[in-house]
Amino acid sequence: MRQGSIAPGTPDPYVPSKSGQYGAMSGEPDSRADGRNVRVQGRSHMRIRAGPFLRALLLTALLTPCPAIYGLEPDTSAAPAKPAAAPGESSAEDKTSEQAPTPPPPPPAAPAPVPGLWKQETLTSDWGGTRSHWKEKGIELDFAFTQFAQGVAAGGIQTGAAGTGRFQSAFKVDLGKLVGWKFWSFDLETETRFGGPLLGGTGTISPVNTAALIPAAAGSAFTISSLNLTRIFPIDLQKGNLIALSFGRFNLLDLSDENFFGGGGIERFWNIAQIGPLTVLREVPFITNLVSFAYVRRGEPIFTLAVLDPNDHSLNPGLSNLFAQGVTFSPGINLPAKYFGKTAKHSFGAAVTTKEYTPFDAIRQIVLPGPPIHPLQPERGSWAANYTFRQYIVERGKGDGWGFFGQVAFANKSTSPISQFVNVGLGGNGLSKSRRRDEFGLAYAYTDFSDVLKNNLATISLGRLLPEHQGEVFYNFHITPWLRFTPDLQIIRPTRPVAGIAIIPGVRLEVIL
């Protein structure tokens with residue numbers, strides 16, 4: 001999921017789509033605004049604008065169509081012919097040309113000034129014009145390096161620190177521009193993780209650094225996280241109405257389209273609890289193969305549906321055993337609104353899978369206690385449902401401003417380890433007028449285990465598991481357009497009764513290459 005619900009179909013945390021807008025393709029002019037969205041343009045920040053479901057699902061919608069699409073060709077009809085001069089006479093134009101000297105050609109236009117190191121959008125700039133040339137041909141290349149340092153300063157199970165890093169690359173291809181496949185686009189992304197393991201000793205169920213989990217929780221690991229195609233079916237492109245169909249391999253964390261929260265732990269909150277409803281983690285993995293559908297109206301995804309493999313394929317292609325253990329269906333509905341003259345949105349999402357589970361089956365995104373006292377019989381039909389609301393308080397333009405958000409989610413107790421989840425907070429960009437690009441966030445999350453899991457733990461003698469209370473605050477300083485520095489602080493009441501309140505500070509440095 002860089003700007004997406006955990007699942008494609010879960011409109012909030014992990015699936016999609018950084019404000020629901022659709023970028024131009026096939027020669028269309030790019031309608032994205034400057035300001036906050038520069039972050040999306042500079043690297044696309046490893047995310048493509050897509051509604052609360054799939055960034056790639058909404059990879060390239062034509063919101064600003066060219067005249068040729070609608071038959072609005074320029075008028076090429078010839079002007080009335082001028083009367084010819086009489087024999088032996090010179091025309092008025094000939095006489096004028098004889099009397100007036102030919103004006104000198106205008107001087108060549110001065111080239112646009114090249115921004116300096118501290119103003120350019122990427123550290124390596126335009127590669128002598130190569131980047132811009134390839135983009136005109138339909139190929140966009142984006143790269144980013146992120147380094148994390150984080151530790152348990154007090155409380156938890158034990159104090160300690162960890163350092164991790166990630167390198168991301170994105171190759172986005174408009175096949176209409178490149179090979180003439182109108183309305184088709186291709187997305188390829190890679191993730192390289194290195195450094196120490198995910199920070200331990202917290203005593204929490206929620207990982208305190210989501211980015212450190214992709215594609216593995218420890219050591220060095222590389223994966224192709226996205227490899228997919230998207231086809232746009234226009235309805236009325238001038239109004240932003242269309243249908244999008246996507247299929248292939250997706251990183252669902254990177255597809256989160258939220259201005260206040262979400263993402264993959266690179267640009268906003270770190271803790272996975274602030275990225276999306278944890279109840280859906282049973283049905284929806286981080287990286288998997290899927291097919292998704294979206295109906296888009298006025299540039300916003302209204303209805304979305306994803307059909308995906310319920311198994312995580314972060315470190316393998318997942319094609320040899322595709323859907324071998326079941327299938328997950330994830331629908332979502334998004335309802336744009338306005339209150340007090342500011343943009344708001346209601347989202348309803350769900351996920352249900354045919355794969356068999358017990359609450360103790362491992363989920364790589366969270367830390368589960370175990371084993372059970374008595375073996376449990378796996379059941380099919382695991383489900384999760386959630387509702388999310390966002391409301392701008394300060395809105396300067398599309399995706400520019402800040403506001404509050406809230407999420408409520410539930411899941412069945414017999415198959416999901418987490419049965420209840422609540423999340424509220426403030427977030428956005430431009431808290432200070434002098435620093436319009438900077439992002440910030442302040443949030444609280446409540447996570448509770450299923451009673452089926454809590455009542456059947458082999459460690460019940462140590463005390464019954466407690467609900468987890470997690471608070472987090474961060475501020476993302478845009479030192480330059482290509483360099484961001486983010487201090488983060490988390491305060492957590494862990495689920496383990498023997499753990500104290502954990503104080504977890506951290507810093508993040510991101511370089512857009």
Side-chain angles (χ1 to χ4, degrees), residues 1-5 11-13 16-23 30-45 47-52 55 58 63 121 240 255-264 266-269 274-276 296-301 334-347 387-407 423-444 472-481 484-488 510 512:
M1 320 178 168
R2 222 182 158 211
Q3 95 207 30
S5 39
D12 294 303
S17 74
K18 291 176 195 129
S19 77
Q21 289 300 306
Y22 297 75
D30 193 338
S31 60
R32 290 174 292 185
D34 294 331
R36 171 175 162 77
N37 288 341
V38 171
R39 167 169 54 83
V40 178
Q41 297 172 0
R43 176 172 67 90
S44 286
H45 258 27
R47 40 175 198 176
I48 301 177
R49 319 273 266 167
R55 177 189 79 197
L58 313 171
L63 290 184
E121 295 298 325
L255 303 182
S256 174
D257 170 38
E258 299 292 345
N259 291 321
F260 304 155
F261 62 101
I266 297 293
E267 62 215 11
R268 299 189 186 94
F269 292 101
Q274 306 301 348
I275 293 175
V296 182
R297 186 178 68 196
R298 297 175 183 173
E300 294 282 351
N334 299 289
L335 303 175
K338 272 191 178 294
Y339 299 108
F340 313 105
K342 304 291 193 303
T343 299
K345 184 162 62 175
H346 304 269
S347 295
Y387 163 74
T388 303
F389 176 70
R390 313 93 163 151
Q391 170 68 62
Y392 271 96
I393 297 174
V394 173
E395 185 176 22
R396 292 175 290 266
K398 185 68 176 180
D400 183 9
W402 56 273
F404 70 87
F405 60 90
Q407 301 181 81
N423 180 218
V424 294
L426 293 170
N429 73 290
L431 185 62
S432 166
K433 291 183 179 180
S434 61
R435 303 198 59 84
R436 291 280 294 274
R437 288 192 175 193
D438 291 356
E439 292 124 337
F440 76 98
L442 171 66
Y444 161 80
E472 181 175 2
V473 59
F474 77 91
Y475 193 92
N476 190 3
F477 291 95
H478 285 228
I479 300 173
T480 73
R484 295 100 190 251
F485 175 74
T486 309
D488 179 90
E510 181 184 18
I512 311 303

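Each residue takes its place number in the sequence, starting with 1.
Applying the side-chain contact (heavy atoms from CB on, under 4.5 Å) rule to Val424 yields the partners Tyr444; only residues at least two apart in sequence or on another chain are considered. Taking the salt bridge (charged side-chain N to carboxylate O under 4.0 Å, His left out) definition, one finds that Arg297 meets it with nothing, sequence neighbours left out. Looking at residues two or more places apart in sequence or on another chain, you find a side chain to side chain donor-acceptor pair (under 3.5 Å) between Asp488 and Gln490.
His346 and Ala337 make their closest contact through CD2-CB, 4.3 Å (heavy atoms, listed as atom of the first residue, atom of the second, distance). Nearest heavy atoms, Asn423 versus Ala443: ND2-CB, 4.2 Å. Residues Phe485 and Ile479 approach most closely at CB-CD1, 3.7 Å, considering heavy atoms. A pairwise comparison of heavy atoms in Arg437 and His478 identifies O-NE2, 3.4 Å as the closest pair. Summarising the geometry of Gly428 relative to Trp402, their closest heavy-atom pair is CA-CB, 3.8 Å, with the distance given to 0.1 Å. The shortest heavy-atom contact between Ser347 and Arg390 is OG-NH1, 2.6 Å.
Here the CG-CD distance, from Asn334 to Glu300, works out to 8.0 Å after rounding to the nearest 0.5 Å. Rounding to the nearest 0.5 angstrom, the gap separating the NZ atom in Lys398 from the CG atom in Asn259 is 8.0 Å. Annotation: the span from Phe440 atom CZ to Arg268 atom CZ amounts to 11.5 Å, rounded to 0.5 Å. In this structure, the separation between CZ on Phe405 and CD on Gln274 is 6.0 Å, given to the nearest 0.5 Å. Once rounded to the nearest 0.5 Å, the distance linking NZ of Lys338 with CD of Glu395 reads 5.0 Å. How far CZ of Phe404 is from CD1 of Ile393: 6.0 Å, rounded to the nearest 0.5 Å.
Ring geometry for Tyr387 against Phe389 counts as parallel: the plane angle stays under 30°, on a 0 to 90° scale with 60° as the upper cut. Note: Tyr392 and Phe260 have perpendicular aromatic rings, judged against thresholds of 30 and 60 degrees for the angle between ring planes. Aromatic ring pairs are classed by plane angle as parallel below 30°, tilted from 30° to 60° and perpendicular above 60°; the pair Phe474 and Phe269 is perpendicular.
Between Ile512 and Arg484, the closest side-chain pair of non-hydrogen atoms falls below 4.5 Å.
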If you apply the rule side chain to side chain contact (heavy atoms under 4.5 Å, CB included), what do you find for Thr486 with Glu510, and how did you get there? CA-CA 8 Å; Thr486 309; Glu510 181 184 18; over 6 Å; no

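Judged by distance alone, with hydrogens and angles left aside, the side-chain atoms of Arg396 form no donor-acceptor pair with the main-chain N or O of Arg436 at under 3.5 Å. Proximity of a side-chain donor or acceptor of Asn429 to a complementary backbone N or O of Gly401 within less than 3.5 Å is detected.
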